[in-house]
Amino acid sequence: MKTSVVRLAGIEVELFEAGSGTALLWLHGGNGFEPSHPFVQPFAVRRRLIVPSHPGFGRSGLPDWLDSPDDIAHLYLELMDQLGLARAEIVGCSVGGWIAAEMATKAPERFTKLVLVGPAGVKVGRSDKLDIPDIWAMPQEEVNKLLFHDPAKMQMDPAKLSDEQLTVMLRNRETLALLTWEPWMHNPKLKHRLHRVKAPALFIRGASDGLISQAYLEGYARLLPNARIATVAAAGHAPHLEQPQAFAAAVLSFLDG
Amino acid sequence: MKAWHFSENAYPYLPPAETYPSIRVSLPSRIYDPEKGAALYHRYIDEWLIAEDEGVEIMLNEHHQTATCVDPAAPLVLAILARLSKKARLLILGNPIANRRQPVRVAEEMAMIDVLSQGRLEAGFVRGVPYEILPANSNPVRMNERHWEALDLIVKSWTTHDGPFSWEGRFFHMRAVNIWPRPWQQPHPPIWISTTSPSGAARVGERGYVQATFLTGFDGTRAVFEGYRRGWMKAGRKEPVPIDRLAYAALVYAAPSEKQARAGAEKLLWYILSNKVPPHIANPPGYVPVQANLAILRGAEHPLSGFKKNATVDAAIASGLMFAGTPDQVMAQFKKVYDYVGGFGHLLIMGQAGFLEHEETVLGIRTFAREVYPRLKEAYPDKTPSWSPTEAVAAQ
C-alpha cells in the first residue's frame, strides 16, 4: 500500500496504490476515497489497485479551469500514460462511473473491461423529470435514505471526525456540485459516444439505490454493445461500502470471467 | 446623507408557516392570487412615488420563487418607475449577475433605464442570497468569480462607444458587443455592490464603488466597512472614504407617537419572521467557503441565519437592525450605529413588509422624510469622511 502525489496537467493528484497483478483503475464517487474503505482489501489481494483522488477531492488540487467529469477523464488518460498502463480494467462509482465512461469513449482500446457502479453521466428519461434526484434540493436525512440501504448504519457523525476529515468531506461536496450542477449529473454528448465502447461492461447497482434507478441503469447499459447488469442486495448507492464482500465477489467474477 | 425607500414587493397572504417547509424556492404558486398580486404591485409603486414626493430616493431589489419578494425581474419595475417618477435617484440593488446568464443583456437593461430616467439610475449588483441558486439553476461554486467577470463585461459594454468589442473570458463569451442605447451618465451610472463579508468589501473598496450591507448590525457592518476602507487605501487613495461610498440597510419605522411606531415596527418584523428556509436551501455547497461550513458543522450559526434571533422589536433595535420610534428615538438609534461603524452616507430603508398596510407605510415614509431626514442631511453631508472605529479605539 502506498500513497503518492502525481502531477497531471500541472495538478497535484493524490494517488493510492495497493496489491499487484492486473492493473485496475478505481474511480471513486462523490464521497471521495479513504484507504480504509472496506472494498480495498478484497480487490487489492487480486489486482494492482490504483485509486486517484479526483481534482478537488481528498487532497488533490483543483485548478480554476477544471469543472467537468470530462476534464478529469482527459487527466486520467494522462495518468495511465505516466504509469505505463497501455491497458487496464476500470471500475467507476457514481460520478466516478461517469468519468470512466468518458474515458472509455475517448480511448476504447485501453480498457479490457469496465465496471460502472451506480453510474451517473447520461440522460435517458423524459425532459420534465430528473433521471437522478436532486440531492441539493432535499434535507440531508432524505439524501441519506436515497444513498443507503441502512442509513442509520452508514451516515457519518461530524462529532467523531477531525477538522481535517471534515474539511475533506466538505470540499468533496463542493467539488461534486461544481462538476455535476448543470446539466444535472450528465453530459448530453456522452450517450452518442458510448457505442464505441465494445469491451465487456458490467453495470451494477445496489438494490436500494435511490439515486440510480434500475430503469436508468438499463437505459445506460443499452448504449453499450456489450454490457450486462447486476444488482447487489441490501445495498444502496455505494454497494462497495455497504456490502463490500458481496460486491467484490460479483465484480471480480465478472473481471475474471 | 441620502435615504432610500426600499420595498420588497412582498406577498403576505400565506397559509400558516407550519404548513410549508420553505417560503422560498419550493412554495407552490397556487397560493399566489394574481388579483391580490396586481393590487399589491400598484400599491407598492404608489408608495415609491409617495416616497419620491417626500424627497426620499427609490430603491428596489430582485428575488425569485418567493413570497417575500414578488419581483423576479426588478428592471421591469424600475422601468415603470423611471417613467412615473421625476426626480428621485433609482437604485436597483441589485442585479444578480452571478445568476444571470447574459451580462450584456443586464448592461442593456440598465442603459435603457438610465436613458429613460435621464440619468437617475444607480446600478447595483449583488451576488445573491443562497436561496437564489436553485431558481437560477446557478452553480454555487465560483459565483464570486462569475460575479466579477460579469461586472467587468457590463462596464466595458457601457463604456465602449466605437463599435463592437469581443469578450472571451472564463465564463462569458461574446464576439460583437455594441449596446444601444449607451447610458445617459458618463462614463457610466454609479455602481453599487452589496456584500456581507469584509474580504468582499475590500475588493469593492479597491474599485471605489458604493458598498452596501444589509441588516448586519453593529459588528457585522463595522467589519464590512473596515474591509472596504482597507481596499480603498490599498488602491493608493490618499483621502479617507467619504460616507457616500457606504450604505446600510435597516428596518426603519418612524411615527409621531411611540405607540404608532411600535405597532408599525412589529409589522415590519415580518421581514425577519417570515423567512422560513430549510438548511439545504439556505446553504448550498460552495456558497460559503469550506472553512465556514466546517465552523457550521461544529455548531456556528450560518451567516444569514443569525438575524432570526433578533425577531423582536427590542432585540432588532438593540442589534442595530432596526430604527423605530418617534423621530427623536430614530435619530438616537441611527447615531448609535453610525458612530459605531465609522459612518455611512446612505440609509436604505426597509419601509414596508408583510401586513404593514398602505396608510401605515405612508405614515412611516412621511414621518421619516419630514421629521428625521432633514436632521440627518444636516448632520451628515455626503462628503463627510468616514473613519475607522477600530483604529480610533487603538489610538486611545
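All heavy atoms count here, side chains included; hydrogens, waters and symmetry mates do not. Here is how names work: the chains are called A, B, and so on, in the same order as the sequence lines, proteins then strands, and each is numbered from 1. This is a predicted model, so every value here is computed, not measured.
Ranked by heavy-atom pairs under 4.5 Å with chain A, the first of B/Pro284, B/Pro279, B/Pro140 is B/Pro140.
The salt bridge (Lys or Arg N to Asp or Glu O under 4.0 Å) contacts involving residues 57-78 of chain A comprise A/Glu14-A/Arg59, A/Arg59-A/Glu164, A/Asp67-B/Arg170, A/Asp70-A/Lys106, where partners must be two or more places apart or lie in separate chains.
For the atom pair CG of B/Asn283 and CH2 of A/Trp136, the computed distance is 10.5 Å after rounding to the nearest 0.5 Å. Rounding to the nearest 0.5 Å places OG1 of A/Thr167 at 10.0 Å from CG of B/Asn293. Note that CG of B/Leu294 is 9.0 Å distant from CE of A/Met169, once rounded to the nearest 0.5 Å.
Contact annotation for A/Leu161: only backbone heavy atoms (N, CA, C, O) come within less than 4.5 Å of a heavy atom of chain B. Contact annotation for B/Gln291: only side-chain heavy atoms (C-beta onward) come within less than 4.5 Å of a heavy atom of chain A.
Residues B/Pro285 and A/Glu174 come closest through the heavy atom pair CB-CA, 4.3 Å. Closest non-hydrogen pair, A/Ala177 versus B/Asn139, comes out as O-ND2, 3.5 Å. When all heavy atoms of A/Trp181 and B/Ser138 are compared, the closest pair comes out as NE1-O, 3.0 Å. Shown here for B/Val290 and A/Leu170, the closest heavy-atom pair between the two residues is O-CD1, 3.8 Å. Taking each heavy atom of B/Asn137 and A/Glu182 in turn, the nearest pair found is ND2-OE2, 3.1 Å.
Counting heavy atoms of neighbouring residues, nucleotides and ligands inside a 6.0 Å radius, atom CZ of B/Arg298 exceeds 12 of them.
Between B/His280 and A/Val143 the shortest side-chain heavy-atom distance does not fall below 4.5 Å. Side-chain contact between B/Leu134 and A/Asp134 is present, with at least one heavy-atom pair separated by less than 4.5 Å.
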